[in-house]
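These notes are about the structure you will find just below.
Order of the sequence lines fixes the chain letters, A, B, ..., with proteins taken first and strands second; residue numbering starts at 1 for each chain. Computed over heavy atoms, backbone and side chain alike; hydrogens, waters and symmetry mates excluded.
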2 protein chains.
Amino acid sequence: MRENLDHSFDTASVHPERTLRRDAEENRERILHAAKILFAERGLGVTLDDIGHHAGLGVATVYRRFPNKVALVEALFEQRVIELIDVARAALAFTDAWEGFLFLMKGILTLEAEDRGLREVILGSECIKGRLDDLKAEVAPLIEELISKAQAQGALRQDFRANDVPVLTAMAGAAQEYCGIISPGIWKRYVAIVIDGLKVDRSTCTPLPQEALDQNQLHQAMLGWRTHRLSKGHD
Amino acid sequence: MRENLDHSFDTASVHPERTLRRDAEENRERILHAAKILFAERGLGVTLDDIGHHAGLGVATVYRRFPNKVALVEALFEQRVIELIDVARAALAFTDAWEGFLFLMKGILTLEAEDRGLREVILGSECIKGRLDDLKAEVAPLIEELISKAQAQGALRQDFRANDVPVLTAMAGAAQEYCGIISPGIWKRYVAIVIDGLKVDRSTCTPLPQEALDQNQLHQAMLGWRTHRLSKGHD
DNA sequence: ACCTATACGGAGATATCTCCTCCGATTAGT
DNA sequence: ACTAATCGGAGGAGATATCTCCGTATAGGT
């Protein structure tokens with residue numbers, strides 16, 4: 001199955017470089033813009049149908065530009081993973097390694113906590129075997145080096161590891177997914193707690209940068225947190 | 001729609017208390033046992049079909065005992081939520097409130113990190129309007145009281161709130177969902193970091209109770225972490 | 001040992017979702 | 001104004017989940 005049955009459809013995937021008509025080019029931008037917003041908000045699970053409508057376009061237009069969702073994801077997230085690499089490089093440039101480490105964590109977690117799609121690209125591995133994986137691989141060694149430096153300077157607890165970083169990302173992401181809609185930026189509160197737990201110099205408690213949810217907000221978060229529907233939509 | 005069209009099926013829901021035949025009663029236990037395992041492992045999303053087969057039974061048998069998934073969930077998790085309440089009560093009995101707080105966090109997080117279904121029951125709110133919600137409501141005041149005590153004794157940071165507990169639960173759960181299959185109990189590592197971040201007495205670093213994932217394990221975790229399938233099951 | 005109320009299994013009806021394509025209508029650009 | 005490129009939305013194909021029908025099997029009293 002899936003032979004070359006491309007009769008006039010799918011021209012983009014056959015001649016991907018032919019210049020587009022002006023309207024088409026503009027619509028391509030619209031699609032990327034909508035996709036960026038929706039992936040960030042709802043993760044890679046959004047349908048191309050959703051993205052199309054959010055861009056004010058039909059579904060077919062999306063599929064004409066991007067043969068499938070993976071192509072769109074790669075087109076979008078290559079840039080964002082490069083941003084991660086840049087953050088890690090910049091963090092290494094600090095002379096005070098603890099400051100660098102803070103910069104790194106803040107940078108990585110800001111990018112990833114606030115973009116669910118990016119988080120899923122970084123934390124997952126499925127279906128993405130191409131350029132994105134190569135880019136992802138570049139981040140780890142930088143983090144490792146920075147952690148070594150911060151530990152050598154005695155600022156970061158010795159038993160912390162580079163491989164803890166993705167897990168912390170997942171955790172910050174969970175906080176964000178749980179109550180980010182109710183209180184954007186709440187993840188910073190929990191990251192601040194974690195950072196305090198990573199610091200060797202334990203003379204101070206960093207004040208938490210955000211208020212906790214109040215009772216009503218927590219209730220809202222619980223209502224909004226849909227994991228799996230339990231029963232049919234019934235009355 | 002959905003009137004009483006119960007013709008001979010669904011007898012259980014009409015006369016729920018009639019004693020079951022011995023084989024039926026045994027099978028009911030099997031179902032509960034299988035459900036406990038599967039809900040803990042994969043969350044409330046598992047189908048009753050799955051549970052039936054895991055119990056070595058047909059699907060219909062499950063639906064004959066429990067009219068729908070919600071009924072099964074309530075039958076199962078009432079007991080577990082009561083365990084949570086018991087933990088909170090026991091924690092309040094400590095005279096050293098920080099010890100009590102540690103006991104509480106360890107207890108709650110052990111129960112919830114290692115049972116994805118319980119976590120979803122506690123963190124979510126949808127579809128469960130009955131007894132389970134009432135029980136859940138009993139936990140919060142106990143936690144609040146304990147936190148006040150620990151803060152009054154100067155052991156717990158002042159800006160920590162009872163409403164932070166569910167969020168920390170979500171975070172520990174995320175760590176567990178990300179790499180629990182690779183390294184069960186890894187969530188304790190991250191909880192230990194968080195606890196260090198909550199402590200006012202900052203003279204010591206609690207040694208982390210578990211090793212971080214190594215490179216290979218992290219890779220496995222990434223492979224196993226399925227968020228949303230990106231493309232059709234294709235070849 | 002027999003008989004009947006009770007229970008069992010698994011195929012499949014129904015519903016929902018997502019991915020992706022067809023084709024008639026519309027528009028850019030020379 | 002003409003034509004090639006583009007658009008939009010309905011809908012087919014395929015997964016997946018919930019719940020039911022009905023033919024078959026069995027527990028347990030007599």
Exercise. Please answer whether the main-chain N or O of B:Leu44 pairs with a side-chain N or O of B:Arg116 as donor and acceptor at a distance below 3.5 Å.
Key: no
Quiz item: Under the 3.5 angstrom rule, does the side chain of A:Asp134 hit a backbone N or O of A:Ala137 as a donor-acceptor pair?
Solution: no
Quiz item: Do A:Asn163 side-chain atoms and B:Leu213 backbone N/O form a donor-acceptor pair below 3.5 Å?
Solution: yes
Quiz item: How close or far is atom C1' of D:dG8 from atom CZ of A:Arg64, stated in whole angstroms?
Solution: 9 Å
Self-check item: Criterion side-chain contact (heavy atoms from CB on, under 4.5 Å) against B:Glu112, the qualifying member of B:Arg119, B:Glu120, B:Gln176
Solution: B:Arg119
Exercise. Look at the side chain of A:Val59 and decide which nucleotide, out of D:dG9, D:dT6, D:dT20, has an atom nearest to it.
Key: D:dG9
Practice problem: Send over the distance from A:Leu48 CG to C:dT21 C1', rounded to a whole Å. | Solution: 13 Å
Exercise. Using a strict cut-off of less than 4.0 Å between a Lys/Arg side-chain nitrogen and an Asp/Glu carboxylate oxygen, indicate whether B:Glu26 and B:Arg22 qualify as a salt bridge.
Key: no
Quiz prompt | Which residue lies more 5' along DNA chain C, comparing B:Asp49 with B:Ala24 via nearest heavy atoms | solution = B:Ala24
Self-check item: Closest to side chain of B:Thr61, choosing from D:dT6, C:dT21, C:dG9
Solution: C:dG9
Quiz prompt | A:Tyr178 versus B:Leu123, closest heavy-atom pair with distance | solution = OH-O, 2.8 Å
Quiz prompt | B:Arg28 CZ to C:dT6 P, straight-line distance once rounded to whole Å | solution = 18 Å
Quiz item: For the side chain of A:Ala60, counting heavy atoms from C-beta on, which of C:dG9, D:dG8, C:dC20 is nearest?
Solution: D:dG8
Exercise. Take the protein atom CD1 of A:Ile51 and the nucleotide atom P of D:dG8, then report the distance between them rounded to whole Å.
Key: 15 Å
Self-check item: Side chain of B:Lys69 - closest among D:dT6, D:dT18, D:dA10
Solution: D:dT18
Practice problem: Could you encode protein contacts along nucleotides 24-30 of chain D as a string, one character per nucleotide from 5' to 3', using B for base contact, S for sugar-phosphate-only contact and - for no contact, with a heavy-atom cut-off of under 4.0 Å? | Solution: --BSS--
Exercise. Round to the nearest Å and state the distance from A:Leu57 atom CG to C:dT26 atom C1'.
Key: 14 Å
Self-check item: Protein-nucleotide distance (B:Phe66, atom CZ; D:dA17, atom C1'), rounded to Å
Solution: 19 Å
Quiz item: When the distance from OH of B:Tyr63 to C1' of C:dA7 is rounded to whole Å, what number comes out?
Solution: 18 Å
Self-check item: Nearest-Å distance for atom pair CZ/P, residues B:Arg65 and C:dT6
Solution: 11 Å
Quiz item: At under 4.0 Å, does any side-chain N or O of A:Asn27 touch on OP1 or OP2 of D:dC7?
Solution: yes
Quiz item: Parallel under 30°, tilted from 30 to 60°, perpendicular over 60°: which one fits the rings of A:Phe77 and A:Phe39?
Solution: tilted
